[in-house]
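What follows is a single structure, written as structure tokens, with notes after it.
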Amino acid sequence: MNTNFYEQVYEIVRLIPKGRVTSYGAIAKSLGAAKSSRMVGHAMSYAGTAHPVVPAHRVVNSSGLLTGKFHFSPPELMEELLAKEGVKVKDDKVLNFRQIFWNPMEEITE
DNA sequence: ACATTGACGCTGG
DNA sequence: CCCAGCGCCAATG
């Protein structure tokens, strides 16, 4: 397995700089599957089994809400990691989401 | 093969 | 701003 849709998602997620976050739809769009945003979420489920590390905590929904925080070992781990990186989380949602939002398209530019 | 579910996104009211 | 409906695709039973 190499250049699969999931692998591409992992690649992008691993490229997310510290203190920044992105959304599933943005990743899906950069892969040319804007309508398959759900698949990005599914890929995240596989992220736990994926190789090195996939900072899935840096991936949130289009509203900056930590929808998948319950998928972490401790659900609060997501906020913990984000807070550690400088990302403020309030009520399961990222603050200044629009400001810390990281656009994968700017890194891919294929 | 069919039905159900899901870490989503967008539009409309 | 909140809620409801629809679309889209893959994994699972």
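Each chain gets a letter, A, B and so on, in the order the sequences are listed, and its residues count up from 1. Only this structure's heavy atoms are used, side chains among them; waters, hydrogens and symmetry mates stay out.
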Review point. Do the side chains of A:M39 and A:M44 join up, straight or via other hydrophobic residues, at under 4.5 Å, putting them in one cluster?
Key: yes

Study note, to complete from the structure: Once base and sugar-phosphate atoms are separated, protein heavy atoms under 4.0 Å mark nucleotides 3-13 of chain C, 5' to 3', with B, S and - as ----BBBBSS-

Review point. How many angstroms lie between atom OG1 of A:T22 and atom CG of A:N61, to the nearest 0.5 angstrom?
Key: 11.0 Å

Check your understanding: Hey, does the side chain of A:N4 reach the backbone of A:Y6 with a donor-acceptor pair shorter than 3.5 angstrom?
Key -> no

Point to revise | Donor-acceptor under 3.5 Å (A:R20 side chain, A:W102 main chain) | key: no

Check your understanding: What does A:S45 touch in the nucleic acid at a heavy-atom separation under 4.0 angstrom: a base, only the sugar-phosphate, or nothing?
Key -> base

Practice item. Give the cluster check for A:L77 versus A:L66: same hydrophobic cluster or not, with ILVMFWY residues linked at side-chain heavy-atom distances below 4.5 Å. Key: yes

Practice item. Check salt bridge (charged side-chain N to carboxylate O under 4.0 Å, His left out) between A:K29 and all other residues, then give those that pass, not counting sequence neighbours. Key: none

Review point. Would A:Y46 and A:L31 show up in the same hydrophobic cluster when neighbours are defined by side-chain heavy atoms closer than 4.5 Å?
Key: yes

Give each protein N/O atom lying under 3.5 Å from an N/O atom of nucleotides 10-13 of chain B, with the pair distance.
none

Check your understanding: Should side-chain heavy atoms under 4.5 Å link Ile, Leu, Val, Met, Phe, Trp and Tyr, which residues sit in the same cluster as A:L65?
Key -> none

Point to revise | Sugar-phosphate only, base, or nothing, as touched by A:A33 at under 4.0 Å among non-hydrogen atoms | key: nothing

**Study point:** Nucleic acid contacts of residues 78-99 of chain A, taken as heavy-atom distances under 4.0 Å to DNA chain B
**Key:** none

Review point. Roughly how far apart are A:F72 CZ and A:L81 CG, rounded to 0.5 Å?
Key: 7.0 Å

Point to revise | Note, A:M78 side chain near A:H71 side chain (heavy atom, < 4.5 Å) | key: no

Practice item. Check each residue of residues 69-77 of chain A for a non-hydrogen atom within less than 4.0 Å of any atom in DNA chain B, then write out the ones that pass by number, or none. Key: A:H71, A:F72

Point to revise | ILVMFWY cluster, A:L95 and A:V21 together (side-chain gap under 4.5 Å) | key: no

Check your understanding: Would you say A:N103's side chain and A:M105's backbone share a donor-acceptor pair under 3.5 angstrom?
Key -> yes

